[in-house]
Structure formats: structure tokens, C-alpha cells
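Here's the structure we're looking at; comments come further down.
So that the names make sense, note that chain A is the first sequence line, chain B the second, and so on, each numbered from 1. Just so it is clear, the values below take in all heavy atoms, side chains as well, and ignore hydrogens, waters and symmetry mates.
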Amino acid sequence: MKITNSEIAKILYEIAGYLEMQNVAFKPRAYEKAAAAIEELDNDVSEVYKEGGLKALEEIPGVGVSIAEKVEELIKTGRLKYYNELKKKTPVDLENLLRIEGLGPKSVKKLYKKLKIKTVEDLEKAAKTGKIGKLEGFGKKSEENILKGIKFIKTSGNRFILGFVIPDLEKIVGRLKKLKEVERIDIVGSARREKETIGDCDILVIAKNSRESSSAKATEDEIKISDFFVNMPEVVKVFAHGETKSAIRLKNGMDVDLRVVPRESYGAALQYFTGSKDHNIAIREIAIKKGYKLNEYGLFRVIRDKRHETRIVGEDEKEIYEKLGMDWMPTEIRENQGEIELAQEHKLPKLINYGDLKGDLQIQTNWTDGANTIEEYAEEAIKMGLEYILITDHTKRLAMTGGLDEKKLLKQMSEIDKVNKRLTTNNKRLKILKGSEVDILKDGTMDIADEVLEKLDIVGGAIHSHFNLPRHEQTKRLIRAMENKNVDIIFHPTGRIINRRPAYDIDIDEIIKTAKRTGTILEIDAFPDRLDLKDNYIRKCVEAGVKLAIDSDAHAIAHMGYLEWGIAQARRGWATREDIINAWSLDKMLEMLK
DNA sequence: GCCGTTTTCGGCCCGACTGTTTTCAGTCG
């Protein structure tokens with residue numbers, strides 16, 4: 001099978017780690033840079049190579065002669081000698097060991113040399129028996145931290161980040177959809193509810209030639225679909241393979257269930273398999289009270305002696321809810337957190353819709369750690385139908401990104417003026433706004449002087465250091481930043497990275513209160529592993545009347561599409577268009593900002 | 001190993017924290 005961009009990137013990242021172990025200078029950064037560039041590429045590297053050969057590979061920024069050859073070898077053979085040799089020298093599960101906070105290549109090497117630790121399991125055993133603490137350069141504290149890191153990975157590691165696995169899942173769904181036997185197909189479960197992470201994936205299908213009812217025998221079409229499903233190239237394990245229900249594990253480690261449902265039950269199955277469980281339990285209780293029975297096959301009227309029942313509805317999901325006396329509910333809010341009561345009163349909020357955003361307010365360009373130019377982002381935004389974007393490169397304290405100081409920021413502002421002028425002469429409607437992702441320093445002051453901040457259209461503040469301050473101090477720090485009259489938005493307010501790093505310790509209610517008082521916007525960072533604020537914090541903001549912004553946090557134009565994941569979270573937090581400032585016109589938005 | 005409106009060779013980002021030390025290596029962003 002064709003090697004994917006992320007598979008190539010993973011190997012390049014690992015090479016960087018191995019070189020780091022050997023104290024090789026500069027090369028690790030070179031491999032990391034190339035890996036990141038490939039990971040963020042819009043096109044398939046294999047395709048790039050097929051069309052333009054080595055030359056085309058070398059045109060990828062950060063990829064030179066040597067790495068291009070290695071990528072070529074990977075595309076052609078699926079293997080890489082250089083990588084295998086490095087791996088032979090230090091045969092450790094680098095990918096997973098490096099996921100542990102605080103553990104880098106040097107420590108991994110030492111642990112391997114001294115204790116023959118190769119895997120996370122080895123490491124855990126050694127830490128638990130106190131062997132790590134006695135090691136030179138390590139101590140009791142390191143041992144504790146390692147155990148904590150392992151625990152964190154274990155408790156959060158077996159869920160998949162929805163935005164990152166959806167491409168894999170959609171590939172499968174797209175392929176099934178093309179079968180002549182398939183009439184309709186949907187992803188259900190927590191993925192349909194747009195949860196930030198999913199444990200597994202459920203897929204429902206109706207065959208063209210669908211069986212009459214759930215008790216009828218499966219049709220040939222239905223059997224063919226199930227057979228096709230378990231024989232896909234990505235399948236590494238088949239747990240179950242029936243005529244209408246199958247379960248497999250994919251190469252990426254995710255378990256996927258497929259159910260081929262009769263047409264007359266499709267709506268009921270959608271409702272049932274979408275959940276959430278709590279939502280379904282509450283709905284079924286209501287059904288019982290009204291003399292119905294609800295299951296995955298339909299809504300049934302129960303006749304007195306309970307041995308007779310007649311199917312009322314089942315093909316259409318909306319009809320089921322309506323028969324039960326309530327409005328259809330958007331899947332994102334089906335968590336039994338008040339949505340059912342409001343649906344019964346026909347008072348559900350009108351959630352913000354996919355496609356409602358008029359702008360993107362967090363974009364990193366190649367002035368710092370982004371991959372594309374201001375102009376390239378502008379072109380992409382025009383393609384997406386946006387009306388405005390805000391350029392928000394990092395500031396000087398974040399040295400590793402080449403953060404901008406006051407002088408460079410002013411220079412970038414005049415560059416934006418120029419690009420805006422070009423857009424106007426070419427009759428393009430897009431407006432590029434001047435902004436910055438300004439570092440919030442330890443004491444809550446900003447990394448850029450106020451005189452310069454004043455000149456920007458919109459200022460975003462963000463924390464990138466001192467993640468471990470005690471709660472009151474961290475909260476005070478953010479509050480001070482919000483009180484700055486130039487700071488309009490707080491970017492990724494809690495700093496978590498899903499499956500990797502917990503949020504820093506803040507009093508979220510205090511933060512929301514301050515946002516309200518100071519008129520500061522809180523951001524919903526749409527990057528799939530951030531989604532910060534998360535759904536229930538969004539809901540708190542909506543209830544408190546604090547306004548929000550949904551931003552892609554793009555570091556490459558391909559990331560701008562992530563805005564949709566931000567909308568999904570906003571919907572999970574019950575946000576309407578009124579709550580999201582970049583769903584508004586430019587004038588209205590600028591008017592309400594500080 | 002990559003890159004070049006300062007360079008085709010000689011630079012590559014840097015400050016702070018943590019945990020280990022008693023001056024520093026490793027890690028992080």
C-alpha cells in the first residue's frame with residue numbers, strides 16, 4: 001500500500017530523535033523541519049514524487065538532496081536502510097517513549113544503555129521497582145514524573161482525536177459509498193456527536209436491496225457489503241464477520257463496527273447508535289411513559305398484553321423525536337444536559353452552523369513558524385469564501401519560532417498594507433487584519449510594548465511558558481493580561497493538548513467572569529488536538545454572555561479547514577451565531593472589540 | 001542536513017525550567 005505523508009513524517013521524526021541521542025549537531029532540526037513540512041503538505045508526497053521525481057521532492061521546504069533520496073526510498077520500497085541501521089543501534093520504541101512528558105532522546109538512550117529499557121512497559125517496571133531513582137542523573141522525582149507521564153498516556157492514549165482520524169474513516173466510507181449495493185451510509189456514535197476524541201467508530205449502511213425487516217434474512221447485497229468491509233486493505237483484525245454486523249480493527253489501531261440495517265429501521269438505528277447513552281436512556285423513558293417502546297429497530301406502540309406491538313415509525317430519525325412530542329435535536333448536544341426538556345418545549349437554541357464563519361482570527365505565517373506567506377493564506381481564505389483573516393505571528397519571547405519583536409511587527413504591518421492594496425486592485429473582497437499572538441509573560445504583562453499593540457487591529461494574548469504555576473498565580477496572570485486595554489482575545493485559554501498535555505491550572509469561572517467584565521474574547525482554538533476552550537467551558541461562556549472566537553490556529557493553509565472542528569465544539573457548547581464574533585460582519589466585530 | 005535580496009560555505013534560536021546537582025544536562029516551547 002502507498003505510504004502516507006504522516007507515515008513518512010513519523011520516520012523522519014524518529015530519525016531526528018536517534019540523531020539527537022548521538023549528540024549529532026543540527027541534523028535533528030533538519031529532519032524535524034522536513035518531517036513537519038511533509039506532514040503539513042496538501043498533496044500526497046507519493047504523488048508529488050510520481051509526477052516530478054526527486055526534483056519535486058527537493059522543492060518541499062526543508063527537504064534537500066539527502067532527505068529527498070530517503071523519502072524516495074520510502075516511497076519505492078516502504079523501507080529505509082538508514083533508519084533501520086539507526087534503529088538497530090538503539091532498538092527502542094522511540095515513538096512511544098518520547099510521548100512521555102519530560103523524557104527526551106538523551107534520557108531514552110541512557111535508560112537503554114543502563115537498564116536495557118526498550119518499551120514503555122519496561123520503563124514502568126523499572127520505575128516501579130525503584131531502579132530509575134538510583135540511576136545517575138535521575139532521582140526520586142524523575143521516577144515519579146515518569147510514572148505520572150505513563151499514567152497520563154495510558155488514561156488518555158486509547159482515544160483517537162476526531163479531527164485527525166476522520167480522513168482515514170472518510171476514506172473507508174467513501175469507498176463503501178461507491179459500491180453499487182450501497183444506498184446510504186453514515187458514521188454514527190460519538191463521531192456523529194462531534195466529540196473531540198472517539199474510542200471506536202460505528203458505521204450504518206442501507207443496502208439498495210434492503211431486507212424487509214430486522215427479522216428477515218439478509219439480502220445478497222447486504223452480505224456483499226459486509227464481506228467487502230472486512231476485506232479492506234486497512235483491516236488488520238476481524239473480530240466479527242456476520243451478514244449484517246461486522247467488527248474490525250484498522251491499521252491505525254481503531255476498531256470499527258459496521259451494521260447493515262433494513263431501510264424501515266434506519267432512522268431508529270441512527271438515533272440509537274448516535275447516543276449518547278444518557279440521552280438515549282432519557283428518551284426511552286419518555287417513550288415508555290407515552291405507551292411506546294423505542295429500540296434500534298423503531299418506535300413501537302405496545303398493546304395491552306405487551307405481546308403485541310405495532311411499528312409506528314423507524315425509517316426517519318426526525319419522525320421518532322416528533323412522535324415522542326419533541327423537536328429533532330442536533331447530534332452535538334445529545335448528552336442529556338437539558339436538551340430534551342428544551343426540545344419538548346420547542347425552545348432549542350439555534351446553534352451556529354457549519355459555514356457560518358466570515359473570518360479566521362488566528363494564523364501563523366512564514367514570518368514565524370507558519371509554512372505559508374500572508375498572500376497564500378489570503379488566497380486560501382478567498383477560496384473558502386471568508387471575508388477577513390487576522391495574521392497572528394508569535395512574538396519575541398517564543399524564540400524558537402523566530403517570534404517578532406516590535407520592529408519586525410511594524411514591518412509586517414506595512415507588508416499587510418501592501419497585500420491588502422493588491423487585493424483591492426484585483427477586486428478581491430478579502431480584508432487582511434493586523435494582529436499578533438503576543439506572549440503573556442509570567443507576571444501577566446505582554447511581550448510587546450503597548451505603543452505597538454495599539455497599532456494592531458486585533459491583539460491576541462497567549463501563554464506559552466510557566467505551565468505549572470499554582471492556580472491562583474496562573475489565574476492572576478491571565479486576569480492581568482485580560483485587563484490590558486489592548487488585549488482583545490485570549491488564545492487557547494487553558495493550554496491543553498489532547499492526549500498529550502493537561503490544561504494548566506486556572507480558575508475557569510474567575511477567568512470567564514473577568515472576560516465578561518473586561519470585554520475580552522475567549523478563543524475556541526479549532527486545531528483538532530487543542531479544541532480549547534472545550535465544550536463544557538464554551539457552554540459556561542455562552543451562559544455568562546462571554547463572546548467567543550473560533551480560529552484555526554493555522555500553521556499552514558491546509559489547517560484553515562480545521563475551522564469546522566471549532567464550529568463542531570461551539571455547537572457542543574450550545575453556541576449560536578450571536579456568541580461567535582467571527583460569525584459577524586467585519587464592522588460589527590471590530591466595533592465590539594476593545 | 002538545509003539554505004542563501006547579507007553567504008554556495010558557514011551559519012543554523014534561545015531562554016527558562018526541572019531535577020539533578022554545586023555548575024549543568026536534558027527538555028520544552
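- Here His466(A) reaches the OP1 or OP2 of dC17(B): one of its side-chain N or O atoms lies under 4.0 Å away.
- Side chains of Thr445(A) and Asp443(A): a donor-acceptor N/O pair is present below 3.5 angstrom, by distance only.
- Aromatic ring orientation, Phe467(A) versus Tyr504(A): parallel (interplanar angle below 30°, classes split at 30° and 60°).
- Atom-to-atom, CZ of Arg397(A) to P of dG15(B) comes out at 11 Å; the value is rounded to the nearest Å.
- Taking atom NE2 of residue His394(A) and atom C1' of nucleotide dC14(B), one finds them 15 Å apart after rounding to whole Å.
- In this structure, Leu19(A) reaches neither bases nor backbone, as no heavy-atom distance under 4.0 Å exists between it and the strands shown.
- Here the C1' atom of nucleotide dG19(B) and the CD atom of Glu136(A) are 14 Å apart, to the nearest Å.
- Between Asn145(A) atom CG and dA25(B) atom P the separation is 21 Å, expressed in whole Å.
- Mapping Ser465(A) and Ala30(A) onto DNA chain B by nearest heavy atom places Ala30(A) at the nucleotide closer to the 5' end.
- The environment of Glu454(A) atom CD is dense: over 12 non-hydrogen atoms of other residues, nucleotides or ligands sit within 6.0 angstrom.
- A cation-pi contact, defined as under 6.0 Å to the ring centre and within 45° of the axis, is absent between Lys87(A) and Tyr18(A).
- Nearest-nucleotide positions on DNA chain B for His464(A) and Gly402(A) put Gly402(A) closer to the 5' end.
- Pairing of dT8(B), defined by two Watson-Crick or G-U wobble distances under 3.5 Å, is not identified with any nucleotide.
- Dashed line: the shortest gap from a side-chain N or O of Ser142(A) to OP1 or OP2 of dT20(B) is under 4.0 Å.
- If you measure from atom CG of Asp447(A) to atom P of dC14(B), you get 15 Å, rounded to the nearest angstrom.
- Comparing dT18(B) with dC13(B), their P atoms sit 25 Å apart, to the nearest whole Å.
- With rounding to whole Å, Leu86(A) atom CG is found 14 Å from dG1(B) atom C1'.
- Looking at heavy-atom distances under 4.0 Å, Val65(A) makes contact with sugar-phosphate atoms alone, never a base.
- Among the protein residues, Lys33(A) comes within range of no part of the nucleic acid, since none of its heavy atoms lies under 4.0 Å from any strand.
- Only the P atoms considered, dT7(B) is 15 Å distant from dC12(B), to the nearest whole Å.
- Residue Arg501(A) places at least one side-chain N or O closer than 4.0 Å to OP1 or OP2 of dG29(B).
- Here the separation of dG26(B) from dT21(B), taken at their C1' atoms, is 13 Å to the nearest Å.
- Between the P atoms of dT20(B) and dC28(B), the separation comes to 15 Å (whole Å).
- Residue Ser107(A) is classed as a sugar-phosphate contact, given heavy-atom separations below 4.0 Å to backbone atoms only.
- Put simply, CG on Leu80(A) is 11 Å from P on dG1(B), counting in whole angstrom units.
- Lys106(A) comes within contact range of the sugar-phosphate backbone alone, with a heavy-atom separation under 4.0 Å but no base atom that close.
- dC12(B) has Phe26(A) stacked on its base ring, the centres lying under 5.5 angstrom apart and the planes within 30 degrees of parallel.
- Straight-line distance between the C1' atoms of dT8(B) and dC3(B): roughly 9 Å, to the nearest whole Å.
- Between dC17(B) and Asn468(A), no contact under 4.0 Å exists linking OP1 or OP2 to a side-chain N or O.
- Within the 4.0 angstrom heavy-atom criterion, no nucleotide atom of any strand lies near Lys396(A).
- Between His555(A) and His394(A), the two ring planes are tilted [angle within 30° to 60°].
- Counting any heavy atom pair closer than 4.0 Å across all strands shown, Pro105(A) reaches sugar-phosphate atoms only and no base atom.
- When the C1' atom of dA25(B) is taken as reference, atom NZ of Lys141(A) falls 18 Å away, rounded to whole Å.
- Using modelled atom types and a 3.5 Å distance limit, the side chains of Thr520(A) and Lys594(A) yield a donor-acceptor pair.
- Donor-acceptor pairing under 3.5 Å is recorded for the side chains of Asp532(A) and Thr494(A).
- Nearest nucleotide to the side chain of Arg29(A), out of dC2(B), dC13(B), dG29(B): dC13(B).
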